[in-house]
Amino acid sequence: MKMKKEIMKMGMALAVLLFAISCSDFDEINVKPNAFTSDEVSAKYFVTETQIQLYAPNRYPYWRAQLIHWDRFAGQFCFGFNGSWWNDGLSYTYDSAYTDAAYDYLSGYTSSLSAFLNFVKEGGELENQNYYAIGLIMKGLYYQTYTDVFGMVPYSEALNPDIITPVYDSQAVIYEGVINELNQAMEIIGSSTVTGEGVELLSNNDLFFGGDLQQWKKLANTLKLRMALRAQGAPGADFANAAITEAMAADLLVLETDNALMEKDTEISQWSNAAYGDVWYNFGVGSNWTVGKTLIDYLQNNNDPRLPMYAQPIDGGEVVFTEPVEGPGVGLFAKHVDFILAQLDNVGVSYTRVDGTNVDGQATVTINVATDTPYYVGQPTRLNSLIQTHVKEALFSRPAQLIINAKNQGNDIFPEIVFTAAEGNFLQAEAIVKGLATGDAQTLYQNGIRQAMKIWGVDDASIETFLATESIALLNGSAEENLEKISVQRWIAAYTDGSEAWSIVRDSGYPSELSAGVSDYDLYSAGTLNGAYPQRMRYGTGAYNTNGPNTEAANAAQGPDLQGTTLWFAQ
């Protein structure tokens, strides 16, 4: 695999970087890594690691940050079937162990990013302005995720090795600062297409674009548009409108060849480059998950051809629901069973039902679902421990095999989504519908759907049929109705990119059934949010241990360090 080869090529350069990061005198080494003496050492050998550590880190944060939090807050994956280790209230109830893993992962990435930028900046040991531009764009990708997850985070002082306890910046400052740095990166790149000659030429080490600087420039501009649209209307976001106008006038990621999809290596260790399959197959059924009801319903109700690419049909067969022996579940047995069966009824699953009693006198309901018809059933998000025993795995869809394939088996694995051409089209349509730009929103919207489907291998005929026949493919309503369609399609296209899908829900309010939260605690988990939708993650304990006064200052400015505190862009 290409990624494996490039990681192996890093050789001495990566060894030096790891030494620098682990060294107690990192501050000095970070600024002046004088161990580099070979003419064969190039900044290109650090690009691969900088990319995978952000988008596919080792299994620990991949599991605890992306899967346990973001994918599930996005309403796209669920725990809590009857064989799962957890009910689906996990992470809606604050747990420091899980939160710390996510915080340490994102906050810790600063060290790798700082080292790279200091290597390639003017006067750095590996000085190269084109690599510096790439570093600034990586910084933008990183900070958009980092601040969208936690809110205020260290930014203006974070990459200064002389400052041990950096201040937390407001999201307005971070967003405007990132947009300015993206502008700087695009100016540096200009009309250049390559990073240099000989050992300076970036090609296979770049897992996004194979070293094509014009693609990096498009990525920077499309990220600029995303952030400007997210900021637009928020307090202190006076910079947003001008940034939207500028971005709309320049090249964006819009074509199939523009996708930034990071290939998953199927061979190297899960401690170098993790995948969903590292969780799915390494721990038995207890760590497995299902696909959320909201996502399955949108796909199924609109004849979306991505349905079999996103999810697997249910197993079906015979399933027995048994009344609990004691506890509140006894009185809720009928309600719980009716709720589960309603999920089958809602999508037209054919089954037989027999009510009875077992030898211990407990009520039972036995259903038999035919296995000769493929049915797709999404699991409702955030089900609690009371109903968990009745959430039978055989009745709900698992993710498609391409998503959860095990590594080291020679099977393809769906790539990491960095940024897509679909998003570039949807963002333009959104700007136009909001009256912030001019153009053909309908064409851009359908191009977005088209590109989103192509990523998953949907054939052209099925795509065009969908666009021609489904009302969800038409921006034919009010401005708000059209914005809802765009937001939902962006959310669907962000499947497996949980942090971005979650941000879309918080920013737009769509899908509304997710953003509304839950209220029936016979079925759903209230968590520490009292049923509300999670608006952010709490800071990790490391933030208080190493930078306590500045963390507390951020809480005073932003609001309490709680999952329910609404962030700046969503106000």
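In this chain, residues are counted from 1 in sequence order. Given the structure is predicted, the values throughout are model-derived calculations rather than measurements.
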Identified side-chain contact (heavy atoms from CB on, under 4.5 Å) counterpart of Arg536 within the set Val149, Leu567, Thr147
Leu567
Looking at residues at least two apart in the chain, or sitting in another chain, which of them share a side chain to side chain donor-acceptor pair (under 3.5 Å) with Trp491?
none
I want to check something: taking the side chain as every heavy atom from C-beta on, are Leu141 and Phe208 in contact at a cut-off of under 4.5 Å?
yes
Of all pairs that satisfy salt bridge (charged side-chain N to carboxylate O under 4.0 Å, His left out), the ones with a partner from residues 562-571, not counting sequence neighbours
none
Among Ile486, Leu444, Leu427, find the residue that satisfies the side-chain contact (heavy atoms from CB on, under 4.5 Å) test when tested with Ile432.
Leu444
Ser499 side chain vs Thr145 backbone, donor-acceptor pair below 3.5 Å:
no
Side-chain contact test, heavy atoms from C-beta onward, threshold under 4.5 Å: evaluate it for Met138 versus Tyr109 and give yes or no.
yes
Please check this pair: side chain of Asp258 against backbone of Leu253, looking for a donor-acceptor N/O pair closer than 3.5 Å.
no
Rounded to the nearest 0.5 Å, how far apart are CE of Met262 and CG of Asn273?
5.5 Å
Of all heavy-atom pairs linking Asn550 and Pro166, the shortest is ND2-O, 3.2 Å
Do the side chain of Thr565 and the main chain of Pro560 share a donor and acceptor less than 3.5 angstrom apart?
yes
So, does Ser192 use its side chain to make a donor-acceptor pair with the main chain of Ile189 at under 3.5 Å?
yes
Side chain to side chain, Asn555 and Tyr539, heavy atoms closer than 4.5 Å:
yes
Taking C-beta and beyond as the side chain, do Gln451 and Lys454 meet within less than 4.5 Å on heavy atoms?
yes
For Ala452 and Ala493 the tightest heavy-atom approach is CB-CB, 3.8 Å
Sort and list the pairs that fulfil ring pair (Phe, Tyr, Trp, His ring centres under 6.0 Å) and have at least one residue in residues 245-269, not counting sequence neighbours.
none
Leu117 CG to Phe119 CZ distance, which is reported to the nearest 0.5 Å:
10.5 Å
Any donor and acceptor pair, going by atom type alone, linking the side chain of Tyr131 with main-chain N or O of Glu200 inside 3.5 Å?
yes
Can you name the salt bridge (Lys or Arg N to Asp or Glu O under 4.0 Å) partners of Asp212, sequence neighbours left out?
none
Test salt bridge (Lys or Arg N to Asp or Glu O under 4.0 Å) applied to Glu246 - qualifying residues, sequence neighbours left out
Lys224
Between Trp456 and Thr496, which heavy-atom pair has the shortest distance, and what is it?
CH2-CG2, 4.3 Å
Go through Val167 and Ser156 one step at a time and tell me if the side-chain contact (heavy atoms from CB on, under 4.5 Å) criterion holds.
CA-CA 8 Å; Val167 298; Ser156 60; 4.1 Å; yes
Please, which pairs that meet ring pair (Phe, Tyr, Trp, His ring centres under 6.0 Å) have at least one residue in residues 544-565, sequence neighbours excluded?
none
Smallest heavy-atom separation, Ala422 atom then Asn259 atom, equals N-OD1, 4.5 Å
Sub-3.5 Å donor-acceptor pair from the side chain of Thr50 to the main-chain atoms of Phe46, do we have one?
yes
Is it true that Tyr146 and Tyr105 have ring centroids separated by less than 6.0 Å?
no
Phe426 versus Gly448, closest heavy-atom pair with distance
CZ-C, 3.3 Å
Find the distance between CD1 (Ile52) and CD (Glu263) and round it off to the nearest 0.5 Å.
12.0 Å
Kindly write out the residues that satisfy salt bridge (Lys or Arg N to Asp or Glu O under 4.0 Å) with Asp278, not counting sequence neighbours, or none if the list is empty.
none
Less than 4.5 Å apart, any side-chain heavy atom of Val194 and any of Leu202?
no
Determine which pairs satisfy side-chain hydrogen bond (donor to acceptor under 3.5 Å, both in side chains) with at least one residue from residues 420-441, sequence neighbours left out, and list them in order.
Arg226-Glu423, Glu423-Arg490, Glu430-Lys434, Glu430-Arg490, Asp440-Thr443
State, without any angle test, whether Gln214 and Lys217 hold a side-chain donor-acceptor pair at a distance under 3.5 Å.
no
Nearest non-hydrogen partners of Ala431 and Met248, listed with the distance:
CB-SD, 4.2 Å
Residue pair Gln215, Lys218: steps toward the side-chain hydrogen bond (donor to acceptor under 3.5 Å, both in side chains) verdict
CA-CA 5 Å; Gln215 292 298 99; Lys218 289 182 186 178; 3.3 Å; yes
First locate atom OH of Tyr155, then atom OH of Tyr143, and finally report the distance between them rounded to the nearest 0.5 Å.
7.5 Å
What residues, two or more places apart in sequence or in another chain, satisfy side-chain contact (heavy atoms from CB on, under 4.5 Å) together with Asn482?
Val433, Leu475
Is there a donor-acceptor pair closer than 3.5 Å between any side-chain N or O of Asn205 and the backbone N or O of Thr48?
no
Carefully, step by step, assess Tyr103 and Thr541 under the rule side-chain hydrogen bond (donor to acceptor under 3.5 Å, both in side chains).
CA-CA 9 Å; Tyr103 181 80; Thr541 55; over 6 Å; no
Apply side-chain contact (heavy atoms from CB on, under 4.5 Å) to Gln563 and list each qualifying residue two or more places apart in sequence or on a separate chain.
Phe73, Tyr94, Thr528, Leu529, Arg538
side-chain contact (heavy atoms from CB on, under 4.5 Å) with Glu187: which residues, sequence neighbours excluded?
none
Measuring from atom CD of Glu484 to atom OH of Tyr510, what distance do you get when rounded to the nearest 0.5 angstrom?
4.5 Å
By side-chain contact (heavy atoms from CB on, under 4.5 Å), which residues pair with Ser269, not counting sequence neighbours?
Trp271, Ser272
So how far is it from Trp502 CH2 to Trp70 CH2, rounded to the nearest 0.5 Å?
8.5 Å
Look only at the side chain of Asn128 and the backbone of Thr195, and say whether a donor-acceptor pair between them is shorter than 3.5 Å.
yes
For residues Tyr310 and Gln76, determine if any side-chain heavy atom of one lies less than 4.5 Å from a side-chain heavy atom of the other.
no
If you define the side chain from C-beta out and look only at heavy atoms, does anything of Gln144 sit under 4.5 Å from Val178?
no
Any non-hydrogen side-chain atom of Tyr533 less than 4.5 Å from a side-chain atom of Arg506?
yes
Give me the one residue out of Phe414, Phe77, Tyr495 that meets ring-ring contact (aromatic ring centres under 6.0 Å, His included) with Tyr276.
Phe77
Validation row, ring centre Tyr168 to ring centre Phe150 under 6.0 Å:
no
Taking Glu127 for the side chain and Glu122 for the main chain, is one N or O donor matched with an acceptor at less than 3.5 Å?
no
Give a yes or no answer on whether the side chain of Ser42 reaches the backbone of Val199 with a donor-acceptor pair at less than 3.5 Å.
yes
